Every structure is written in C-alpha cells, then in structure tokens.
Amino acid sequence: MTHSLHREGSLDSLEKDYVLFIYPARGFNYKGSAPKVRHLVELLYQAGPVNMCVTTLRRNLYSGVKPEEVLESIKVEGARVFSVFDCRDKLKDALIRIKEANEGISIMVSGLIDQVREIAAEIGIDPYMVNLSLGIHGRTDRLPPADIREFTTMCGHGVVSPYLVRDVIRRVKAGKVTEWEGSLIIAEPCACGIYNPFRSSELLREKAPLYTVDRW
Amino acid sequence: MIIHPELCVGCGRCHPYCPTNAIRYEGQKSVIDQEICYECSTCLRSSHCPVDAIAESHNVCDYPRALRRYFSDPSARHVATGIEGRGTEETKSADVTRRCGPGKVGVAIEIGRPTLGMSLLDVQKITRAIARAGVHKIEPHNPIHSMIADEATGDLKPEMLGERLLSAIIEIEVERDQLRGILRTLKEVAGEVDSVFCIDAFTVVGPRLHIPEDVLESIRAEGFTWRPNAKINMGLGRAWE
C-alpha cells in the first residue's frame with residue numbers, strides 16, 4: 001500500500017485524486033479499535049468516497065457490497081480502511097468529520113502536498129510526517145508508457161495490469177464499453193479499493209483517441 | 001497459478017489481467033508460464049474464467065516459491081509480518097508508534113514497482129549496496145529482514161535467489177546527515193538492477209506541514225526531485241494500549 005505516493009499524472013488530474021487510509025497500529029491502539037474504525041467508516045460514507053475497501057471484507061465499492069455489510073464486517077480489531085476521494089472538498093469534509101470524532105486512529109492522506117497542507121491549515125490539523133516520492137529508477141526503459149502508468153499506479157498493490165488498460169482502451173475505442181464501464185473493469189483487480197474510477201474515466205476519455213489498437 | 005488444460009476453452013479472457021504477461025496461448029489453450037508467474041492470484045480473482053479453469057499452483061505453498069505469493073498476492077498474509085502485503089505500517093501509524101522520529105529519515109526502496117516485478121537477485125544487489133554504504137539494519141518488521149543471510153554483506157539466503165516477486169520493499173532508517181550518501185548509493189545501483197525501483201523518503205514535518213530544509217537539500221544535492229504528491233500522516237492518532 002506504500003505505493004499511493006507514486007500515483008502518476010498531471011497536476012490537473014491529481015487534483016481529483018486523494019487517497020485516505022484509516023490505520024490502527026499493532027501494539028498501540030489495536031485493542032478496542034473495531035468500534036472506532038466502524039464509526040470512522042460511517043463518517044467516510046457521509047463524505048462520499050469514490051471507492052473504498054475495508055480489510056475485513058476486501059470488496060471495493062463497485063463489487064455490489066452494501067454499506068451495511070461493510071459496517072457489519074468491522075468486528076475484528078485492527079481493521080484497516082482504504083478509500084479515495086475525487087475532489088478536495090470531499091476530502092476536507094471527511095477530515096473535518098474525522099477530526100471532530102477524535103477516535104485516535106491514525107489517518108493518512110495521499111495527494112498533492114500543497115492541497116493537503118492548505119486543507120490541514122483550514123481545519124486546524126498539524127500533520128506529523130510526510131513520505132515523499134523520489135521517482136522511479138533503474139530500467140525505466142522496460143516500463144509501459146507514462147500514460148498507461150497513470151492508470152496502473154492508482155492501484156496500491158500494482159495488480160492492475162498495463163495489458164488490461166490497453167485492452168480496455170481498445171474496447172472503448174471499439175465502442176464495446178463506455179469509459180465508465182471500462183474504468184470499472186480496470187478497477188476490479190484492485191484489491192485495495194483506492195483505484196479512482198472517476199479519474200480513470202476522464203483518463204480514458206483523454207487517452208483513447210491517442211491510441212491505435214496496435215500501438216505498444 | 002495454473003490453468004487446467006482439460007477445462008480451458010481458449011477464450012483468452014484471462015490474458016490481459018496478468019500484470020506480468022505470463023499467460024499465453026499454447027495451441028488453442030491458455031497456459032501460465034511458471035517461471036514468470038508471481039502467484040499474485042489476479043487472474044483467479046478478477047478474470048471471470050467462464051469454465052473455472054484457473055487454480056493455484058500445486059507448489060504455491062512450498063518454500064521458497066511461497067515467497068512469490070506472500071509478496072505478490074495482496075490478500076496473502078505474510079508469515080514474517082502478520083499483515084497482508086510486502087511491507088510494514090511504515091509512516092501510516094508513525095504518529096502513534098513514533099517510528100522514525102526527529103533527526104531521522106526513513107528510506108523505502110520499492111523494487112519492481114510500478115508493475116514490472118523483479119528477481120530476488122535485484123533485491124540482493126540493493127541490499128549489498130546499502131551494506132557497503134554502511135547501513136546494516138533493514139527494518140526488522142519488514143519481511144525482507146528475515147530473508148537476509150548476512151547483515152554485514154547484505155547477502156540474501158541463497159535458496160531464494162531464483163524467485164521472482166511482483167514487488168518488495170527494503171526499508172531503512174538513517175540519520176538525516178546520512179541521507180545524501182544513501183541516495184548516492186541508490187543512484188549508483190540503479191545502473192545494475194534489471195528492474196525498476198521507486199524511492200520513498202519519510203520524515204517528521206514541522207508545523208503547517210513544513211518539510212525539513214536539510215532533507216530537501218540532501219535530495220536536491222544528489223540530483224533527485226520529489227513528486228508534488230506525497231503520503232501524509234495527518235497526526236490524528238494516539239496510543240492507548
């Protein structure tokens with residue numbers, strides 16, 4: 001899950017992409033964390049994430065799972081939550097609710113540093129630590145093109161295949177699926193629930209005309 | 001992972017789901033190249049095989065092949081850490097655990113990312129380079145730590161070296177004034193590995209998310225830049241156990 005800081009894309013695109021984690025710490029606040037995490041998930045739902053997954057169920061928002069099933073599953077200590085928001089305002093709303101709830105569980109946000117800094121100042125939060133991405137090194141010539149990586153790096157575990165992205169682009173271009181349907185196909189392998197299908201739809205709309213079926 | 005040939009109807013639906021392109025046709029049937037497969041289970045989880053021909057490899061739980069699954073399948077719980085995935089909680093709960101406190105910088109080297117995968121030989125090239133640079137302590141809660149045969153040299157256990165993983169993370173912690181040296185080492189070893197790696201640098205921040213200038217200066221001095229997006233611990237956690 002560390003990989004969320006390496007999400008690639010233009011600033012305009014990343015402004016519509018904020019990942020939020022809820023993370024109890026083993027040996028520090030695991031015990032008694034289940035009702036607190038459950039409460040925080042209730043608050044997240046109110047803020048309107050565009051995707052979410054809880055480790056107790058491992059099913060993302062588009063798997064057909066109902067909110068009550070997700071909440072009901074949070075019974076074990078140490079449940080972790082992965083979510084993503086498609087705009088600054090929703091992220092801010094979520095953080096305001098979480099701050100007011102004061103449950104004491106660690107909250108991480110992956111997103112544009114300047115935006116997160118502003119939001120934190122606006123709602124009176126002092127972040128503790130930053131994890132900076134210093135880029136990709138080594139055999140970068142073996143990587144898929146950067147525009148394909150804008151899709152694949154949205155999965156925290158790296159299991160969204162570049163070949164699937166290419167296949168979906170082909171299907172969008174052929175009119176077999178819409179951009180939204182294509183985004184949900186790409187999102188499905190992402191077991192961590194931080195694939196942003198709204199951003200992905202925009203990317204498909206933007207990239208599909210640039211590709212011929214046989215490119216790459 | 002394997003595809004049962006007697007069941008496969010050769011529709012090819014599973015092919016694009018494999019992050020490493022290990023599924024191909026042999027005749028009119030799909031097969032998975034066992035050398036390339038990372039045992040990430042993505043094909044089984046997501047590709048909706050119409051005849052349920054995809055299954056786990058018979059030896060997926062055998063050591064050392066089991067490493068592929070522990071590091072590559074996000075739903076597999078790693079025996080060394082007790083959590084799913086390839087890493088630790090690193091910055092995610094640092095406001096509670098106080099890991100990597102003031103004066104320190106955490107460095108994580110995410111090998112095989114994004115989505116390229118790698119051989120454990122590549123991991124060893126990096127652990128050796130780090131050891132030569134004088135850092136002999138890999139984060140003990142990271143599964144890589146249990147794979148080190150000799151901390152002084154950075155050598156991994158030899159029986160593992162033939163394995164391939166979708167990704168692994170080497171996590172270390174250094175004093176801030178050591179950051180430049182480590183970044184220089186990583187720049188040099190980047191020319192030796194046959195895969196890619198992403199570098200993370202994590203540090204405690206000041207008020208208003210102020211990133212310590214000496215950390216940024218070390219990054220700049222070695223010719224690195226940082227992305228405009230980052231992972232930020234919001235400082236809302238507290239310990240009660």
Side-chain angles (χ1 to χ4, degrees), chain A residues 1-7 11 14 21 23-31 58 95 98-99 104-113 116-117 120-121 125-140 142-143 149 152-153 157-159 161-164 167 188-189 191-192, chain B residues 15-19 21 40 42 45-46 74-75 85 87 89-97 108 110 113-116 166-167 169 186 190 193-205 207-209 211 219 224-241:
Chain A
M1 192 57 59
T2 306
H3 207 67
S4 63
L5 69 159
H6 300 289
R7 288 160 96 93
L11 285 177
L14 291 171
F21 304 112
Y23 227 91
R26 190 180 301 270
F28 293 86
N29 58 15
Y30 249 45
K31 286 181 187 162
R58 285 275 175 211
L95 287 171
I98 290 169
K99 185 193 172 200
I105 306 290
S106 295
I107 304 294
M108 299 284 301
V109 172
S110 271
L112 291 171
I113 302 169
V116 178
R117 182 185 284 124
I125 290 176
D126 253 335
Y128 176 74
M129 181 173 271
V130 69
N131 192 349
L132 297 168
S133 163
L134 306 191
I136 312 168
H137 307 274
R139 291 287 308 275
T140 51
R142 293 183 58 200
L143 289 170
R149 299 202 304 270
T152 59
T153 54
H157 292 109
V159 294
S161 160
Y163 308 98
L164 181 63
D167 186 57
E188 191 174 4
C192 44
Chain B
H15 291 214
Y17 283 86
C18 178
N21 205 18
C40 68
T42 303
R45 264 199 319 273
S46 309
S75 64
E89 292 168 353
E90 30 91 17
T91 58
K92 299 184 195 84
S93 52
D95 53 345
V96 173
T97 62
E110 300 186 49
R113 287 286 178 92
T115 322
L116 195 58
L166 193 51
S167 178
I169 308 177
L186 293 175
V193 296
D194 193 36
S195 182
V196 290
F197 57 85
C198 295
I199 304 177
D200 314 350
F202 47 98
T203 181
V204 172
V205 294
R208 297 179 66 87
L209 190 39
I211 304 169
I219 294 169
F224 288 85
T225 53
W226 56 94
R227 295 185 55 77
N229 47 323
K231 190 152 69 171
I232 297 156
N233 182 311
M234 300 304 285
L236 296 173
R238 62 177 179 273
W240 57 70
E241 281 184 37

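Per chain, numbering begins at 1; letters A, B, ... match sequence-line order. All values reported here derive from a predicted model rather than from experimental measurement.
The contact between Phe197(B) and chain A is made by backbone and side chain atoms together, counting heavy-atom distances below 4.5 Å. Using a 4.5 Å cut-off between heavy atoms, Asp126(A) contacts chain B through both its backbone and its side chain. Contact annotation for Arg117(A): both backbone and side-chain heavy atoms come within less than 4.5 Å of a heavy atom of chain B. Contacts of Ile136(A) with chain B are made by both backbone and side-chain atoms, with heavy-atom separations under 4.5 Å.
The choice from Cys198(B), Cys40(B), Ala239(B) that makes the most heavy-atom pairs within less than 4.5 Å of chain A is Cys198(B). No other option in Ile219(B), Thr42(B), Val196(B) has as many heavy-atom pairs under 4.5 Å with chain A as Val196(B). Put simply, of Val96(B), Thr225(B), Leu166(B), the one with the most heavy-atom pairs under 4.5 Å next to chain A is Val96(B). Counting heavy-atom pairs closer than 4.5 Å to chain B, the top-ranked of the candidates Ala120(A), Gly135(A), Ala121(A) is Gly135(A). Chain A forms the most heavy-atom pairs under 4.5 Å with one residue out of Ala201(B), Gly235(B), Ala190(B), and that residue is Ala201(B). When each of Arg208(B), Met234(B), Arg45(B) is scored by its heavy-atom pairs under 4.5 Å with chain A, the top score falls to Met234(B).
To the nearest 0.5 Å, atom CZ of residue Arg7(A) and atom CG of residue Leu14(A) are 8.5 Å apart. Distance check, rounded to the nearest 0.5 Å: OH of Tyr128(A) to CG of Leu209(B) gives 14.0 Å.
In this structure, the side chain of Asp95(B) engages the main chain of Leu236(B) through a donor-acceptor pair within 3.5 Å. Ser161(A) places a side-chain N or O within donor-acceptor distance of the main-chain N or O of Pro16(B), the cut-off being under 3.5 Å.
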For this session: May I have the step-by-step check of side chain to side chain donor-acceptor pair (under 3.5 Å) for Ser133(A) and His6(A), ending in yes or no?
Result: CA-CA 6 Å; Ser133(A) 163; His6(A) 300 289; 2.7 Å; yes
Exercise. Given the rule in the side-chain contact (heavy atoms from CB on, under 4.5 Å) test, do Phe21(A) and Ser4(A) qualify, once you have shown the distances and angles that lead to the verdict?
Worked result: CA-CA 10 Å; Phe21(A) 304 112; Ser4(A) 63; 3.5 Å; yes
For this session: For the pair Thr153(A) and His3(A), evaluate side-chain contact (heavy atoms from CB on, under 4.5 Å) and give the outcome as yes or no after the intermediate values.
Result: CA-CA 8 Å; Thr153(A) 54; His3(A) 207 67; 4.2 Å; yes
